[in-house]
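What you see is a predicted model; the values in this text were computed from it and never measured. Sequence positions, counted from 1, serve as the residue numbers for this chain. In each ligand, atom 1 is the first atom listed, and ligand 1 is the first ligand listed.
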Amino acid sequence: MDLKKIPNYLDTKFIGKNIIVLDKTDSTNSECKRNPEKPDGTVYIADIQTNGRGRLGRSWESPKGTGAYFSIILKPNLAPEYVSQITLAAGLAVCKAIKGKIKYPNDIVISTKKVCGILTEYVAGKSPFCICGIGINVNTISFPDELKSRATSLYIETSKVQNRSEIVARVLNEFEIIYAEFLKNGLKNIIDEYKENCVTIGNNVVVIKNSETISGKCTDITVDGKLIIETENKIITVNSGEVSVRGIYGYV
Ligand code: BT5
């Protein structure tokens with residue numbers, strides 16, 4: 001399995017140094033949840049997920065042998081309200097690693113289609129920790145009918161079969177740098193690069209917040225990672241953890 005070669009391309013101090021490659025799992029995020037004792041920076045990666053999870057109970061299509069499905073165990077000293085910002089840091093890392101664009105908060109897109117999704121979870125308890133799960137369509141040739149119009153893969157975009165280990169290592173390499181900066185200064189020194197790569201800014205969006213639907217134009221993202229939306233009669237800010245942004249490229 002080509003996923004075993006990740007260490008050959010890895011250039012990190014702690015992210016992915018402990019890496020567990022599985023032939024099959026339900027969800028690499030769930031795998032992390034079941035193994036809270038693993039050290040900070042541990043990565044679980046699987047060749048296939050039988051129950052790949054998206055946000056809000058949605059699923060992540062994870063066929064065998066083609067995608068990169070991996071999750072990072074993170075043990076920062078971080079108040080729970082900052083955890084959703086890890087998604088933004090990871091989004092920027094993936095964006096840089098695979099040369100995509102970011103659709104706020106957690107999608108990476110290429111040519112207007114979704115190539116990657118990110119699911120960050122907070123596990124409460126005596127020793128709380130975070131899980132940052134990343135799914136990238138690497139060598140996917142085709143998608144189920146319901147995803148065809150809005151999903152793509154690196155293979156589809158480049159017509160080249162990609163080395164999954166190298167792609168994953170590139171993401172982890174980028175992530176470690178951005179994450180270290182995030183832990184030091186929050187999003188302050190990262191947000192400009194995030195915004196430069198974010199296709200949501202300047203576009204009309206529909207935001208679903210606490211079952212209320214709000215339409216408006218996204219004008220900016222705050223230094224703590226909130227979306228600023230101008231509606232007909234007011235300006236609101238929404239947190240990435242509490243919204244689904246629709247309206248760009250027609251998909252959720
Ligand atoms: C996400 O959720 O985009 C987060 C996906 C995170 C997946 C990774 S894989 C490793 C780790 N282990 C897990 O179990 N999960 C993480 P959300 O924003 O809710 O988007 C989900 C929606 O994206 C679905 O409802 C579909 O419309 C679409 N979708 C599902 N599979 C897809 C795929 N392979 N490519 C593109 N779009 C997909």
Side-chain angles (χ1 to χ4, degrees), residues 3 6 16 19-22 24-35 42-74 84 86-88 90-91 93-95 98 100-123 130-157 164 167-168 171-172 175 199-200 205-208 227 240-252:
L3 292 174
I6 293 169
I19 186 156
I20 298 135
V21 183
L22 304 166
K24 183 178 182 173
T25 186
D26 51 350
S27 147
T28 54
N29 269 37
S30 304
E31 197 72 51
C32 291
K33 237 178 239 179
R34 292 190 288 267
N35 292 282
T42 295
V43 169
Y44 276 93
I45 184 159
D47 197 36
I48 175 174
Q49 292 185 127
T50 53
N51 187 26
R53 295 191 283 112
R55 298 182 309 151
L56 309 166
R58 294 189 284 250
S59 62
W60 184 257
E61 187 67 24
S62 312
K64 182 175 163 55
T66 58
Y69 321 115
F70 58 107
S71 303
I72 314 166
I73 291 181
L74 296 168
S84 61
I86 294 175
T87 297
L88 308 189
V94 177
C95 161
I98 68 172
K101 291 283 171 199
I102 306 163
K103 177 182 166 272
Y104 183 94
N106 70 319
D107 293 350
I108 305 301
V109 295
I110 299 182
S111 338
T112 78
K113 292 180 175 176
K114 182 162 173 172
V115 68
C116 164
I118 299 168
L119 173 67
T120 304
E121 295 181 292
Y122 177 74
V123 185
C130 305
I131 301 165
C132 182
I134 300 174
I136 306 175
N137 302 321
V138 181
N139 291 321
T140 324
I141 294 170
S142 67
F143 290 93
D145 283 347
E146 69 275 15
L147 287 178
K148 263 194 181 117
S149 61
R150 52 207 165 97
T152 191
S153 71
L154 298 178
Y155 173 75
I156 292 171
E157 295 302 320
R164 285 188 297 170
I167 300 284
V168 172
V171 172
L172 298 176
F175 179 71
V199 295
T200 312
V205 294
V206 176
V207 166
I208 303 178
L227 215 55
S240 65
E242 58 189 7
V243 296
S244 238
V245 182
R246 302 186 184 194
I248 297 183
Y249 310 151
Y251 59 76
V252 179

Q: For ligand 1, does Ile134 get within less than 4.0 Å through its side chain, its backbone, both, or neither, judged by non-hydrogen atoms?
A: backbone

Q: Measuring only between side-chain heavy atoms, which start at C-beta, is Leu172 closer than 4.5 Å to Ile72?
A: yes

Q: Looking at ligand 1, would Ser59 count as a contact under a 4.0 Å heavy-atom criterion?
A: yes

Q: Does a side-chain N-to-carboxylate-O contact under 4.0 Å join Asp47 and Arg164?
A: yes

Q: Asn106 side chain to Ile118 main-chain N or O, any donor-acceptor pair under 3.5 Å?
A: yes

Q: Answer with yes or no whether the side chains of Ser71 and Glu31 bring together a donor and an acceptor at under 3.5 Å.
A: no

Q: What atoms of ligand 1 come within less than 4.0 Å of a heavy atom belonging to Gly52?
A: 14 (O)

Q: Could you see which bit of Ile118 sits under 4.0 Å from ligand 1, with heavy atoms only: side chain, backbone, both or neither?
A: backbone

Q: Answer yes or no: is there a side-chain heavy-atom contact under 4.5 Å between Arg34 and Asp26?
A: yes

Q: Stepwise, does the side chain to side chain contact (heavy atoms under 4.5 Å, CB included) test hold for Ser30 with Thr25?
A: CA-CA 9 Å; Ser30 304; Thr25 186; over 6 Å; no

Q: Can you list the atoms of ligand 1 that are under 4.0 Å from a heavy atom of Thr28?
A: 10 (C), 11 (C), 12 (N)

Q: Does only the side chain of Glu146 get under 4.0 Å from ligand 1, or the backbone, or both, or neither? Count heavy atoms.
A: neither

Q: Taking only heavy atoms of Ala151, which atoms of ligand 1 are found under 4.0 Å from at least one of them?
A: 35 (N), 36 (C)

Q: Could you tell me whether ligand 1 has any atom less than 4.0 Å away from a heavy atom of Asn29?
A: yes

Q: Is it the side chain, the backbone, both or neither of Arg55 that has a heavy atom closer than 4.0 Å to ligand 1?
A: both

Q: If you count the non-hydrogen atoms of other residues, nucleotides and ligands that lie under 6.0 Å from OH in Tyr122, is the total more than 12?
A: yes

Q: Are Phe70 and Val171 side-chain neighbours, meaning at least one heavy-atom pair lies under 4.5 Å?
A: yes

Q: Using a strict cut-off of 4.0 Å, indicate which atoms of ligand 1 neighbour a heavy atom of Phe70.
A: 10 (C)

Q: Does some side-chain heavy atom of Val94 sit less than 4.5 Å from a side-chain heavy atom of Val115?
A: no

Q: Do side-chain atoms of Asn137 reach the backbone of Thr152 as a donor and acceptor pair under 3.5 angstrom?
A: yes

Q: I want to check something: taking the side chain as every heavy atom from C-beta on, are Ile141 and Thr66 in contact at a cut-off of under 4.5 Å?
A: no

Q: Looking at ligand 1, does any of its N/O atoms fall within less than 3.5 Å of an N/O of Arg53?
A: yes

Q: Select one of side chain, backbone, both or neither to describe which atoms of Leu147 lie under 4.0 Å from any atom of ligand 1, heavy atoms only.
A: side chain

Q: So is Lys113 close enough to ligand 1, meaning a heavy atom under 4.0 angstrom away?
A: no

Q: Suppose I only count heavy atoms of Arg150 and a 4.0 Å limit; which atoms of ligand 1 are within that range?
A: 27 (O)

Q: Check each atom of ligand 1 against the heavy atoms of Asn137 and keep those under 4.0 Å away; list them by number with element.
A: 33 (C), 34 (N), 35 (N), 36 (C)

Q: Is the closest N or O pair between Tyr69 and ligand 1 shorter than 3.5 Å?
A: no

Q: Please could you name the atoms of ligand 1 that Ser27 approaches to less than 4.0 Å, counting only its heavy atoms?
A: 12 (N), 13 (C), 14 (O)

